[in-house]
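These figures come from a predicted structure and were not determined experimentally. Note that ligands are numbered from 1 as they come in the structure, with each ligand's atoms numbered from 1 the same way.
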Amino acid sequence: MSSISADHSAAAPAAAKVIQPAWVRIVHWINAVAMVLMIMSGWQIYNASPLFNFTFSRSITLGGWLGGALQWHFAAMWLLMVNGLLYLTLGLVTGRFRRKLLPITVDGVVGDTKAALTGKLSHADLTTYNYVQKLLYAGIIVVGILIVLSGLAIWKPVQLQWLTAVFGGYDVARYVHFFCMAAIVGFLVIHVALALLVPKSLRAMIIGR
Ligand code: HEM
């Protein structure tokens with residue numbers, strides 16, 4: 001009995017070493033590149049027909065003009081969609097989403113937000129996400145699905161008119177697409193800042209440990 005538990009405790013540290021499996025790291029960084037390309041080319045497309053009374057500075061857009069930006073947007077779209085579908089499939093099939101992102105409780109989120117704001121949130125165990133991380137990651141996955149679907153709805157409003165109708169029409173789908181982009185940019189600012197504040201989490205997303 002004692003030798004079994006001794007074996008177990010000896011094996012545990014080695015097994016606990018992998019914090020982010022390789023597939024998560026690969027799809028995460030492909031997603032990050034695709035998202036940045038989509039956002040920067042999207043801003044250039046927006047500038048050709050702005051929804052609001054502002055445009056994005058050319059210095060942060062991609063594509064040079066409407067035609068060029070559309071080429072970038074549609075090229076990166078395939079990367080984002082195929083990679084995103086792979087992440088969703090593997091996340092569901094391996095049980096990762098259930099294990100790492102659920103459950104999300106109001107008490108948990110409130111408690112961890114308070115702890116974070118008072119500097120008491122522990123980052124000792126990187127293998128489990130705290131409730132704020134769970135909420136942000138689950139939320140951004142939903143926003144990621146919404147931005148692709150609303151994008152398809154405004155790209156093919158004739159062929160996919162049922163999808164465009166689900167959003168309440170072309171004009172509404174355009175606003176949904178824009179606000180999803182704003183949510184992703186907001187997420188990205190917080191997400192990157194937190195990753196830099198806890199550099200060992202960034203290391204784990206690069207080398208796994
Ligand atoms: C380029 C900037 C980015 C950096 C530096 C970065 C960094 C990280 C790090 C360090 C983690 C580890 C999680 C942790 O311990 O909290 C992580 C996880 C995650 N990131 Fe990012 N990230 C970036 C871009 C993005 C983008 C653009 C998205 C989506 C729009 C995203 C979505 C996620 C999600 C959903 C997870 C959880 C993955 C899982 O556990 O399955 N990240 N990121």
Side-chain angles (χ1 to χ4, degrees), residues 16-43 56 60-62 72-73 75-104 108-109 111-113 115-117 119-152 176-209:
K17 270 188 176 172
V18 174
I19 298 167
Q20 304 289 4
W23 71 265
V24 172
R25 285 177 276 140
I26 293 167
V27 293
H28 176 270
W29 292 117
I30 292 177
N31 174 66
V33 171
M35 279 286 185
V36 170
L37 295 177
M38 292 298 284
I39 291 168
M40 291 176 68
S41 55
W43 287 344
F56 295 94
I60 50 167
T61 64
L62 181 67
W72 274 105
H73 212 61
M77 172 194 79
W78 292 111
L79 191 63
L80 184 78
M81 248 172 54
V82 172
N83 189 64
L85 282 174
L86 194 67
Y87 176 62
L88 289 181
T89 308
L90 288 173
L92 290 172
V93 170
T94 61
R96 179 179 178 84
F97 288 160
R98 190 172 31 79
R99 230 176 24 252
K100 302 275 282 189
L101 303 181
L102 295 178
I104 301 172
V109 173
D112 280 353
T113 305
L117 294 176
K120 289 182 190 140
L121 196 58
S122 167
H123 302 292
D125 179 10
L126 289 181
T127 59
T128 53
Y129 291 142
N130 62 57
Y131 282 95
V132 178
Q133 286 171 306
K134 286 184 187 190
L135 182 69
L136 282 177
Y137 295 152
I140 209 64
I141 291 168
V142 173
V143 172
I145 294 169
L146 261 182
I147 202 165
V148 169
L149 291 179
S150 56
L152 291 174
V176 171
H177 201 62
F178 182 92
F179 287 118
C180 285
M181 175 281 295
I184 291 170
V185 172
F187 165 85
L188 203 51
V189 171
I190 297 171
H191 186 59
V192 173
L194 292 180
L196 294 177
L197 274 176
V198 188
K200 61 182 179 176
S201 74
L202 186 56
R203 195 186 75 155
M205 196 42 113
I206 296 170
I207 63 168
R209 286 174 281 123

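Shown in contact with S201 at under 4.0 Å from a heavy atom are these atoms of ligand 1, numbered in order with element: 10 (C), 15 (O).
Between L126 and ligand 1 there is no heavy-atom distance shorter than 4.0 Å. Within the structure, ligand 1 lacks K100 among the residues with a heavy atom less than 4.0 angstrom away.
For a threshold of 3.5 Å applied to N or O pairs, the pair formed by W29 and ligand 1 contains no separation below that value. Inclusion of Y137 in the set of residues having an N or O under 3.5 Å from an N or O of ligand 1 is warranted.
Nearest-residue assignment for atom 39 (C) of ligand 1 (options W23, Y87, F97; heavy-atom criterion): Y87.
Considering all non-hydrogen atoms of both residues, M205 and V24 come closest at CE-CG1, 3.9 Å. Minimum interatomic distance between L136 and F187 (heavy atoms only, all atoms of both residues): O-CE1, 4.0 Å.
At the shortest separation from atom 12 (C) of ligand 1 among protein heavy atoms lies Q20 NE2, 3.7 Å. The protein heavy-atom contact nearest to atom 2 (C) of ligand 1 is V192 CG2, 3.5 Å.
Of all the heavy atoms of V198, none lies under 4.0 Å from any atom of ligand 1, so neither backbone nor side chain is involved.
For an aromatic pair to be called close, the ring centres must be under 6.0 Å apart, and Y137 with F97 fails this.
Both cation-pi conditions hold for K100 and Y129: the charged atom is under 6.0 angstrom from the six-membered ring centre and inside a 45 degree cone around its axis.
Residue R99 qualifies as enclosed at atom CZ: its count of foreign heavy atoms under 6.0 Å is above 12.
Residues L90 and R96 have side chains not in contact (no heavy-atom distance under 4.5 Å, counting atoms from C-beta outward).
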